[in-house]
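Beneath this line is the structure, given in structure tokens, with notes to follow.
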Amino acid sequence: MAGIELADLSTVYPNGVRAVDHLSLSIADGEFFALLGPSGCGKTTLLRTIAGLEPASSGSVSIGDADVTRVEPGRRRVAMVFQDYALFPHMTVAQNIAYPLRVRRASRASQQEAAERTSAGLGLSELLSRRPGQLSGGQQQRVALARAIAMEADVLLLDEPLSNLDARLRLEARTFLKRLQRELGLTTVFVTHDQAEALALADRIAVMSEGRIRQLGSPKEVFQRPGDTFVANFIGSTPMNLLPGTVSGGLVEVAGARLKPPPGVRLPDGTPVTAGIRPEYLRTSTTEDGMTGTVSIVENLGVTSLVTLECPGEVLVGLTVAEHHEPSVGATVTAVPEPGRLLLYHGETSDLLDEAKVTDA
Ligand code: ADP
Ligand code: MG
């Protein structure tokens with residue numbers, strides 16, 4: 001077992017693309033860690049650099065107590081499941097699973113034993129003599145996982161392992177993966193561009209953009225207090241409202257309302273801010289002051305509906321309401337943030353303003 005330590009790591013491709021940019025990160029032994037970010041932000045490159053499949057241009061990669069920056073992939077005790085699974089089409093399931101042992105020149109008996117043991121836990125026992133082409137996407141994914149587990153590595157690297165599955169299977173595979181990781185206690189780095197997947201699975205999440213980490217925290221922290229508007233935009237199944245506002249008389253003027261800033265946040269009058277509030281944390285009120293607007297769209301989300309209000313200054317505000325409580329289009333509605341749910345971001349830097357960061361300018 002082993003943790004992972006990345007220190008000032010950069011990976012620059014020969015064409016000059018800096019896919020990982022001075023990134024430092026500690027992943028604990030046994031942690032289920034998610035790398036989350038939009039396509040092209042460097043997630044795959046970072047995984048491949050940890051595995052040793054891409055050379056680090058500068059900085060270092062340590063696994064356990066060892067600096068492995070210059071160690072070849074086969075000696076890093078790392079198993080990687082690639083996004084497309086990379087199974088050998090001409091080999092049976094059993095041969096695919098046992099392949100890492102064959103490379104290590106393990107005996108035929110121990111290869112067979114590993115294939116049987118790993119496949120049993122993954123529900124593949126009946127499929128050992130099939131070839132990948134005769135398997136469903138979910139089964140192929142499990143074969144790729146079984147092969148990674150058969151390596152008996154210290155670290156498991158998973159590159160978007162669920163993205164090729166359809167929605168229902170993806171949910172099943174997600175639960176399954178979580179249970180498997182708990183049972184094996186393997187340090188696992190899990191790459192995804194799906195924020196819901198990262199929130200559901202990970203102990204901690206690093207949100208990446210342009211080869212860097214924008215925010216690092218538990219799913220709760222990243223969801224409740226996105227550190228900047230990029231993360232705020234990226235996390236959440238309905239996008240967070242990010243509304244232009246100005247500080248006036250100690251209050252925040254936004255969408256025609258005057259809202260109390262979060263406790264401890266005091267800003268000079270005239271400071272431009274972005275008010276961040278999730279649609280789920282707004283409720284309607286007939287008695288309180290809030291953001292008042294005209295209902296322009298009502299979208300059915302299943303158990304809830306997303307209502308869009310057109311507020312003064314053409315500012316659009318989204319809020320979710322319970323089913324059977326939808327207002328009609330054209331109605332006038334006032335939306336009030338639930339206590340403690342309003343976040344303020346600096347209008348220019350886009351960083352979250354909290355007690356620690358606020359200075360009296
Ligand atoms: P992600 O997995 O987050 O989608 P990647 O790590 O695949 O991102 O890519 C990060 C950046 O590096 C992108 O700009 C991509 O175009 C570039 N890139 C990826 N692979 C190569 C390569 N082999 N050569 C040059 N540039 C690459
Ligand atoms: Mg990728």
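Just so you know, ligand 1 is whichever comes first in the structure, and atom 1 is the first atom listed for that ligand. Worth saying up front: this structure is predicted, and the values here are computed from it rather than measured. Below, each value reflects all heavy atoms present in this structure, side chains not excepted, and no hydrogens, waters or symmetry copies.
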### Task
Run through D21, D228, D8 and flag the one making a salt bridge (charged side-chain N to carboxylate O under 4.0 Å, His left out) with R212.
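Output: one option passes, namely D21.
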
Tell me which protein heavy atom sits closest to [atom], plus the residue, atom name and distance to 0.1 Å.
atom                    : value
atom 15 (C) of ligand 1 : V17 CG1, 4.8 Å
atom 18 (N) of ligand 1 : Y13 CE1, 3.4 Å
atom 9 (O) of ligand 1  : T45 OG1, 3.9 Å
atom 7 (O) of ligand 1  : T44 CB, 3.8 Å
atom 8 (O) of ligand 1  : G42 N, 3.2 Å
atom 13 (C) of ligand 1 : G40 O, 3.7 Å

### Query
For E183, does the CD atom have more than 12 heavy-atom neighbours from other residues, nucleotides or ligands under 6.0 Å away?
yes

### D84 atom CG, neighbour heavy-atom count above 12 within 6.0 Å
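Check passes, neighbour count above 12.
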
Between the side chain of [X] and the main-chain N/O of [Y], is any donor-acceptor distance below 3.5 Å?
X    : Y    : result
Q134 : R131 : yes
S57  : V12  : yes
R76  : I50  : yes
Q111 : A106 : yes

### Message
If hydrophobic residues (ILVMFWY) are linked whenever their side-chain heavy atoms come closer than 4.5 Å, directly or via other members, who joins Y13 in its cluster?
### Response
V17

### Query
Which atoms of ligand 1 have any heavy atom of A19 under 4.0 Å away?
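Reading through ligand 1 atom by atom, the close ones are 10 (C), 11 (C), 12 (O).
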
### Message
Taking 2.8 Å as the distance threshold, tell me the number of protein N/O/S atoms next to the Mg ion (ligand 2).
### Response
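Considering protein N, O and S only, the Mg ion (ligand 2) has 1 within range.
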
#### Entry: contact_flag S39 ligand 1 heavy-atom lt 4.0 Å
yes

### Message
Taking side chain to side chain contact (heavy atoms under 4.5 Å, CB included) as the criterion, tell me which of T187, I27, L156, D203 meets it with F32.
### Response
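Single pass found, and it is D203.
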
### Query
With respect to M291, which candidate in L243, V333, L319, V315 satisfies the side chain to side chain contact (heavy atoms under 4.5 Å, CB included) definition?
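The side chain to side chain contact (heavy atoms under 4.5 Å, CB included) with M291 is passed solely by L243 among L243, V333, L319, V315.
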
### Query
So which bit of N15 gets within less than 4.0 Å of ligand 1, heavy atoms only: side chain, backbone, both or neither?
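Just the side chain.
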
